[in-house]
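Down below is the structure, laid out as structure tokens.
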Number of protein chains: 2
Amino acid sequence: MQSTRQISLGELIHDAGAAGIAWRLQSGAVRLDRVIGDERHFAGLALKGDVIGAETLLFGSYAFEARALGDCTLEAWLDPGSQPSGESLLQTLAATERRAADALALRYGEAMERVRRLFQLLAREPKPGQAAPILIPGLKDMAEMTGLTVETVSRVVSRLRKSGLLQKRGRHAGLLLTEAF
Amino acid sequence: MQSTRQISLGELIHDAGAAGIAWRLQSGAVRLDRVIGDERHFAGLALKGDVIGAETLLFGSYAFEARALGDCTLEAWLDPGSQPSGESLLQTLAATERRAADALALRYGEAMERVRRLFQLLAREPKPGQAAPILIPGLKDMAEMTGLTVETVSRVVSRLRKSGLLQKRGRHAGLLLTEAF
DNA sequence: CGCCGCGTTGAGCCACGTCAACATAGGTGG
DNA sequence: CCACCTATGTTGACGTGGCTCAACGCGGCG
């Protein structure tokens with residue numbers, strides 16, 4: 001097993017139940033899904049710096065399915081158990097709780113607010129004075145994360161583009177204007 | 001600081017930012033809120049066996065506000081760092097991820113489904129052949145967790161009672177009929 | 001007693017879901 | 001290269017579930 005992986009948009013990172021190790025997200029975004037029978041339900045989000053699959057250190061297999069929301073770089077994450085009291089494990093735990101709260105917020109309020117919150121999470125740091133680049137996942141992914149329908153998300157994104165908050169840049173890229181967002 | 005606490009319905013367990021230690025929930029249910037300015041947003045849920053405030057081991061203070069959704073028994077939780085590679089910390093991490101997924105599911109689908117999912121989480125194990133007792137939190141709490149309004153939750157609960165799935169038992173107690181739920 | 005927090009219920013409206021038609025981009029095989 | 005197909009996104013028309021606003025009942029408490 002190599003110690004770093006490149007994953008591209010929409011690609012499966014790992015199945016639920018499969019054996020594997022934990023990874024840290026160097027860049028990109030990942031959606032986690034709980035798999036029940038043949039149904040998949042959005043169960044969490046991982047962004048740059050977050051760790052996925054930490055439960056493999058305990059069970060040996062993944063609890064969730066992970067799929068890339070954009071191009072991702074993963075590096076193998078071995079619990080630095082060397083630290084007294086597993087400090088990095090604690091940091092991972094704290095980060096996980098924060099992300100979970102972020103994900104919950106994606107499912108509250110009006111459609112427009114939800115999608116904007118999602119974009120804010122996905123936005124990368126802008127170069128000074130520039131708009132923040134953002135890798136837009138498929139509508140289906142966005143709909144499932146926000147708890148809306150594809151049609152509604154499409155309409156919201158259209159409105160954002162028309163109002164100038166979002167600039168189209170190819171099929172899967174847009175720009176967020178700094179001031180407004 | 002005593003090593004076990006009794007908390008009753010609606011009571012504050014700890015403020016966000018306050019200093020304190022981590023606790024394990026021996027019984028009851030707790031809602032976690034992210035505090036931004038003077039606003040509080042539902043950010044997580046803790047049930048029997050879950051650990052809250054683990055981040056105090058790292059920061060010394062709580063990241064979220066915690067409030068009892070029913071009567072709770074807490075016991076002090078000291079990270080058993082004695083274990084090689086912090087196994088109990090890993091278990092806590094895994095449990096946190098599962099709970100986060102549960103909380104997310106509370107905000108998806110129709111009102112009726114959401115409230116039922118919430119009740120299923122809050123239900124205690126029934127005595128064999130009996131209905132499952134459940135401590136019902138206030139409507140406001142339920143509304144904020146499910147992302148609905150108080151009025152809608154009230155109507156849903158009414159319908160559940162009329163349909164016999166739920167039996168009233170005093171102001172803050174109900175019964176879930178085993179078969180249906 | 002009067003006040004206040006909490007729950008209940010009704011009436012009306014609107015944001016979003018549903019259904020349907022169509023556009024566009026990639027992918028695959030001839 | 002085109003022909004075809006499928007996945008994905010867009011847009012419109014329409015219906016409805018849940019939000020809003022409002023009135024009221026009830027219990028606890030000073």
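Quick caveat: nothing in here was measured; it's all calculated off a predicted structure. Throughout, a chain's letter reflects where its sequence line sits, starting with A, and its residues are numbered from 1.
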Would [X] and [Y] count as having a side-chain donor-acceptor pair, cut-off 3.5 Å?
X      : Y      : value
A:S27  : A:T73  : yes
B:T4   : B:E75  : no
B:E151 : B:S154 : no

**OP:** Show the numbers, then the answer: is there a salt bridge (Lys or Arg N to Asp or Glu O under 4.0 Å) between A:D15 and A:R67?
**Re:** CA-CA 9 Å; A:D15 268 315; A:R67 199 170 283 274; 5.8 Å; no
In whole angstrom, give the distance that lies between atom [atom1] of [X] and atom [atom2] of [N].
X      : N      : atom1 : atom2 : value
B:R161 : C:dT9  : CZ    : C1'   : 13 Å
A:L139 : C:dA23 : CG    : P     : 18 Å
A:L69  : D:dT8  : CG    : P     : 14 Å
A:K140 : D:dT10 : NZ    : C1'   : 17 Å

For residues 37-49 of chain B, which side-chain N or O atoms pair as donor and acceptor with protein atoms under 3.5 Å away, sequence neighbours left out?
from, atom 1, to, atom 2, distance (Å)
B:E39, OE1, B:H41, NE2, 3.1
B:R40, NH1, B:E65, OE1, 2.8

**OP:** Do nucleotides 15-21 of chain D as a string where each nucleotide becomes B, S or -: B if the base has a protein heavy atom under 4.0 Å, S if just the sugar-phosphate does, - if no protein is that close.
**Re:** ---SSBB
Subject >> Note: A:D50-A:R24 ion pair, threshold 4.0 Å (strictly below) >> reply: no
Original post:
For D:dG9, does OP1 or OP2 lie under 4.0 Å from any side-chain N or O of A:S154?
Top reply: no
